[in-house]
Amino acid sequence: AMEVFMILLSLVFLFPVAFLVVMSFKRPGIFYDPFKLPDSLYTGYYRSAFTDMNFPGGLLNTVVITVGGLMLTIIVGSMAGYMLSRMNQRFFRFAFIFILSGMVIPIVGSLIPLFKLVIAMHLINTRTLLVLLYTATLVPFATFLYSAFTKSIPRELEESASIDGC
């Protein structure tokens, strides 16, 4: 009974996707009849997306911004999380709380100073700005996750790995 329910539920979720795919291959004349299947595959909409709308350029922007932001977030968040979870001095505890406070402050409250800073740095309409913004907003959460993960690893395991030469 559960399998039948899950199959029906998956069909409910997949129907809109299948509907969109079928609608994308219809000719403009039969586009307004949603339940009529296309008699032939019309690829004019896809050609228009690639030529008129510069789809490859948008895809390149998406890949560069996503990969750049993700790599910077992983590098900075993992190093900060490891450092802040292994050091027990008062400064590092304060730094950890300061970084975590970045998750509490809403981004809307800092938009005007951020905009002035971006104008002063001449970063308007650049990929670099988006990579830096995504990194800055995700680093507190990444630091929190990595520090929690690092705290779950016993120090003895790191000590034995360093003795073994790792």
Side-chain angles (χ1 to χ4, degrees), residues 2 5-21 23-24 45-46 48-50 52-166:
M2 188 64 161
F5 173 73
M6 293 305 268
I7 289 171
L8 289 175
L9 187 64
S10 64
L11 289 176
V12 166
F13 283 106
L14 288 177
F15 178 75
V17 176
F19 185 74
L20 285 174
V21 170
M23 291 293 282
S24 71
Y45 299 120
Y46 291 100
S48 173
F50 273 92
D52 299 342
M53 296 181 214
N54 192 17
F55 181 77
L59 185 63
L60 177 69
N61 282 342
T62 300
V63 169
V64 167
I65 292 166
T66 303
V67 169
L70 188 64
M71 294 302 291
L72 274 175
T73 300
I74 289 172
I75 290 168
V76 173
S78 63
M79 290 193 305
Y82 179 80
M83 181 76 162
L84 295 174
S85 69
R86 291 299 187 211
M87 301 297 173
N88 288 327
Q89 288 97 5
R90 177 180 290 176
F91 171 75
F92 291 105
R93 286 192 299 260
F94 174 76
F96 184 68
I97 291 171
F98 183 74
I99 289 173
L100 286 184
S101 68
M103 292 191 322
V104 177
I105 299 170
I107 192 72
V108 175
S110 62
L111 282 180
I112 293 174
L114 181 66
F115 185 69
K116 288 182 177 182
L117 179 68
V118 167
I119 288 175
M121 295 175 68
H122 305 290
L123 288 176
I124 294 288
N125 293 330
T126 62
R127 293 181 191 147
T128 307
L129 170 66
L130 290 176
V131 169
L132 291 175
L133 282 178
Y134 292 153
T135 301
T137 55
L138 292 175
V139 160
F141 185 68
T143 302
F144 174 70
L145 283 180
Y146 279 112
S147 68
F149 170 72
T150 307
K151 285 179 184 175
S152 71
I153 299 173
R155 288 185 189 253
E156 292 81 19
L157 190 62
E158 286 182 22
E159 292 168 1
S160 66
S162 68
I163 289 172
D164 289 341
C166 294

Among I65, T66, V64, exactly one meets side chain to side chain contact (heavy atoms under 4.5 Å, CB included) together with T62. Which residue is that? T66
Distance alone, cut at 3.5 Å: any donor-acceptor contact between the side chains of T73 and Y134? no
Run the side-chain hydrogen bond (donor to acceptor under 3.5 Å, both in side chains) test against R93 and tell me which residues pass, sequence neighbours left out. none
By the ring-ring contact (aromatic ring centres under 6.0 Å, His included) test, which pairs, at least two apart or in different chains, include something from residues 68-88? none
Check side-chain contact (heavy atoms from CB on, under 4.5 Å) between I99 and all other residues, then give those that pass, not counting sequence neighbours. L84, P140, T143
Partners meeting salt bridge (charged side-chain N to carboxylate O under 4.0 Å, His left out) with R86 (sequence neighbours left out): E158
CZ/R155: more than 12 non-hydrogen atoms of other groups inside 6.0 Å: yes
Just wondering, more than 12 heavy atoms not from M71 lying within 6.0 Å of its CE? no
Quick check against the 3.5 Å criterion: does T150 have a side-chain atom that pairs as donor or acceptor with the backbone of S147? no
Contacts of F92 meeting ring pair (Phe, Tyr, Trp, His ring centres under 6.0 Å) (sequence neighbours excluded), chain-then-number -> none
Please name all residues satisfying side-chain hydrogen bond (donor to acceptor under 3.5 Å, both in side chains) with N61, sequence neighbours left out, ordered by chain then number. R127
What distance do M121 atom CE and T128 atom OG1 have between them, rounded to the nearest 0.5 Å? 9.5 Å
Going by the rule ring pair (Phe, Tyr, Trp, His ring centres under 6.0 Å), which residues pair with F149 if we only count those two or more places apart in sequence or in a different chain? none
Which pairs, with at least one residue in residues 131-151 and sequence neighbours excluded, count as a salt bridge (Lys or Arg N to Asp or Glu O under 4.0 Å)? none
Ring pair (Phe, Tyr, Trp, His ring centres under 6.0 Å) involving F50 - partner list, sequence neighbours excluded: F55
Holding to side-chain hydrogen bond (donor to acceptor under 3.5 Å, both in side chains), I want the full list of residues that pass it with D52, two or more places apart in sequence or in another chain. S48
Expected list for residues 105-118: side-chain donor-acceptor pairs under 3.5 angstrom, two or more places apart:
| from | atom 1 | to | atom 2 | distance (Å) |
| --- | --- | --- | --- | --- |
| S110 | OG | I107 | O | 3.1 |

Describe, in one word, how the ring planes of F141 and F144 are oriented to each other, choosing from parallel (under 30°), tilted (30 to 60°) and perpendicular (over 60°). tilted
To the nearest 0.5 angstrom, please state how far the CG atom of L138 sits from the CG atom of L145. 10.5 Å
What distance separates Y45 OH from M23 CE, expressed to the nearest 0.5 Å? 8.5 Å
In residues 159-166, what donor-acceptor pairs under 3.5 Å come from side-chain atoms, sequence neighbours left out?
| from | atom 1 | to | atom 2 | distance (Å) |
| --- | --- | --- | --- | --- |
| S160 | OG | E156 | O | 3.3 |
| S160 | OG | L157 | O | 2.9 |
| S162 | OG | E159 | O | 2.8 |

Kindly compute the distance separating CZ (F5) from OG (S10), expressed to the nearest 0.5 Å. 10.0 Å
